[in-house]
Amino acid sequence: MSAPETLVERRGAAGLITLNRPQALNALTHGMVRTIAAALAAWRDDPAVKAVVIRGAGEKAFCAGGDIRQVVEQIRAGAVEEALTFWREEYTLNHAIKTYPKPYVALIDGIVMGGGVGVSLHGSHRVAGERYTFAMPETGIGFFPDVGGTYALPRLPDETGTYLALTAGRVKDMDALALGLATHLAPAADFDAITECIAAGEAIGDALAAHARPAGVAPMRADAAWYARHFAGDSVMDILARLDAAAAGGDQKAAEAGRTLRTRSPTSLMIALRQMRDGARADFAECMRIEMRIVSRIVRGHDFPEGVRAVIFDKDNAPVWKPAQLEEVDPAEVAAHFASLGARELVLP
């Protein structure tokens with residue numbers, strides 16, 4: 001028999017969740033979403049459970065994202081509504097984590113992307129191991145930075161969230177702490193000990209302090225003014241113009257960012273930038289409703305299935321975007337992704 005995708009157990013005062021697909025970098029399936037949601041619901045009013053701990057099996061990843069192959073296979077088969085049920089339940093889970101009344105401790109080492117961000121970033125405690133690597137790579141597959149990215153990324157300082165949303169830039173542990181993506185640093189080798197301390201009823205702050213590792217240089221924070229200067233534009237074209245001007249003056253980092261943006265789905269870039277601007281003014285629940293609106297439209301478009309084909313199925317890394325250029329994207333089409341779903345709006349507790 002195959003091992004369960006998610007391990008759920010009560011251990012002393014802790015509810016422990018382990019994402020258990022190490023061979024798939026703990027990619028999040030629909031079944032895993034449902035298992036986590038059920039565990040949180042059961043522990044929410046259980047006085048014996050004082051805190052929740054979530055971690056990933058293996059050494060490579062906490063969770064490398066949602067199981068996109070699975071949902072695109074559903075879309076290809078015409079089961080779009082079935083695929084959308086995954087996102088509807090995933091976004092409801094993200095909201096449940098954000099509003100959870102008990103400490104929610106994510107022990108994160110290795111890759112944390114996409115869906116993995118959704119089940120970790122919104123908790124009260126985010127503990128980064130030394131191999132921590134954060135990214136939201138969705139614009140590279142014709143998608144958008146979801147699972148609460150609409151709320152979290154605009155709130156990162158100095159437009160770093162906009163940079164991450166558009167370019168899929170990666171964040172290592174020290175920058176994660178400095179930006180607020182992580183709340184603590186600890187050696188991954190100490191994650192078992194931290195879990196046992198929490199299970200024994202020790203105060204979480206004390207348990208994390210006892211196993212803390214020192215903060216070091218945070219390169220992104222050192223370049224805060226660079227991100228603020230280049231990614232504060234009101235349009236993707238404006239941002240590209242700023243990057244191109246800097247690149248012409250010899251700024252290699254700007255040149256690289258410009259090249260990266262030109263490989264991304266133009267439609268996804270425009271959606272993601274609007275997310276950053278609208279999300280900055282919305283509460284978490286509204287951000288999740290925005291994401292449900294976007295995903296309900298983007299799955300019926302061209303770029304998402306094409307991006308997944310190029311990156312995951314065929315692995316040629318040569319997606320053919322439609323439209324292919326930013327200038328060809330109809331702003332009205334972008335705006336339509338944000339329109340109300342009416343009776344199909346995401347309903348949150």
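The model shown is predicted, which means the values in this text are computed figures rather than measured ones.
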Asp244/Arg262 under salt bridge (Lys or Arg N to Asp or Glu O under 4.0 Å): CA gap, chis, key distance, verdict: CA-CA 11 Å; Asp244 289 346; Arg262 288 183 169 90; 2.7 Å; yes
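- Scanning both residues, Thr150 and Met276, for their nearest heavy atoms gives CA-CE, 4.5 Å.
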Going through the checks in order, is the salt bridge (Lys or Arg N to Asp or Glu O under 4.0 Å) test met by Glu286 and Arg289? CA-CA 5 Å; Glu286 179 60 15; Arg289 286 189 285 269; 3.0 Å; yes
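- Atom CG of Asp146 sits about 5.5 Å away from atom CD of Glu291, to the nearest 0.5 Å.
- Heavy atoms from other residues, nucleotides or ligands lying under 6.0 Å from CD of Glu59 number 12 at most.
- Going from atom CZ of Phe338 over to atom CZ of Arg293 covers 10.0 Å, rounded to the nearest 0.5 Å.
- Taking both residues in full, the closest heavy atoms of Asp109 and Tyr132 are given as OD1-N, 3.7 Å, listed atom of the first, atom of the second, then distance.
- Leu93 is not listed as a side-chain neighbour of Arg88, based on a closest heavy-atom distance of 4.5 Å or more.
- Around the CD atom of Glu345, the shell of radius 6.0 Å holds more than 12 heavy atoms that belong to other residues, nucleotides or ligands.
- The neighbour count for Lys322 NZ, taken as heavy atoms of other residues, nucleotides or ligands under 6.0 Å away, does not exceed 12.
- Here Tyr104 contributes atom OH and Trp43 contributes atom CH2; the two are 9.5 Å apart, rounded to the nearest 0.5 Å.
- Remark: Arg55 fails to qualify as a cation-pi partner of Phe191 under the 6.0 Å distance and 45° angle criteria applied to the six-membered ring.
- Ring to ring, Trp87 and Phe143 are close: their centroids are under 6.0 angstrom apart.
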Intermediate values then yes/no, side chain to side chain donor-acceptor pair (under 3.5 Å), Glu89 and His30: CA-CA 8 Å; Glu89 294 186 16; His30 198 171; 3.0 Å; yes
Arg309 vs Asp316, test: salt bridge (Lys or Arg N to Asp or Glu O under 4.0 Å). Steps then yes/no. CA-CA 8 Å; Arg309 178 209 61 76; Asp316 59 25; 2.7 Å; yes
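- Atom NE2 of residue His125 and atom CD1 of residue Ile54 lie 15.0 Å apart, to the nearest 0.5 angstrom.
- Salt bridge status for Asp303 with Arg264: absent, with no side-chain N to carboxylate O gap under 4.0 Å.
- When the shell of 6.0 Å around NZ of Lys172 is examined, it contains more than 12 heavy atoms from other residues, nucleotides or ligands.
- A distance of 7.5 Å separates CG of Leu261 from OG1 of Thr139, quoted to the nearest 0.5 Å.
- With a 4.5 Å cut-off on side-chain heavy atoms, Leu164 and Phe134 count as touching.
- Remark: Ile108 CD1 to Arg131 CZ distance equals 13.5 Å, nearest 0.5 Å.
- Salt bridge absent: Arg34 and Glu5 never bring a charged side-chain N and a carboxylate O closer than 4.0 Å.
- You'll find the side chain of Leu7 stays beyond 4.5 Å of the side chain of Ile17, heavy atoms only.
- The pair Asp223-Lys253 meets the salt-bridge criterion, since a charged nitrogen lies less than 4.0 angstrom from a carboxylate oxygen.
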Just do the salt bridge (Lys or Arg N to Asp or Glu O under 4.0 Å) check on Arg344 and Glu81 with the steps written out, would you? CA-CA 11 Å; Arg344 298 288 294 162; Glu81 289 303 322; 2.8 Å; yes
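- With hydrogens and angles left out, the side-chain atoms of Asp158 and Trp226 include no donor and acceptor closer than 3.5 Å.
- Residues Met270 and Leu273 are not in side-chain contact: their nearest non-hydrogen atoms beyond the backbone lie 4.5 Å or more apart.
- Look at Arg213 and Asp173 and you find a salt bridge, because one of the NZ, NE, NH1 or NH2 atoms lies within 4.0 Å of a carboxylate O, short of that distance.
- Heavy-atom neighbours of Arg170 CZ from other residues, nucleotides or ligands within 6.0 Å: at or below the threshold of 12.
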Given Lys102 and Val52, is the side chain to side chain contact (heavy atoms under 4.5 Å, CB included) satisfied, shown in steps? CA-CA 7 Å; Lys102 298 179 180 181; Val52 173; 5.6 Å; no
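- Here the shortest heavy-atom pairing between Ala168 and Ala135 reads O-CB, 4.0 Å.
- A distance-only check finds a donor-acceptor pair linking the side chain of Glu130 to the backbone of Ala188 [under 3.5 Å].
- Taking the six-membered ring where tryptophan is involved, the planes of Tyr151 and Phe284 are perpendicular, since the angle between them exceeds 60° and thus also 30°.
- Checking Glu159 against Thr162 by side-chain atom types alone, a donor-acceptor pair falls below 3.5 Å.
- Put simply, the side chain of Gln74 does not reach to within 4.5 Å of the side chain of Val80, judged on heavy atoms.
- Nearest heavy-atom pair, His211 versus Cys197, reported as atom, atom and distance to 0.1 Å: NE2-SG, 4.2 Å.
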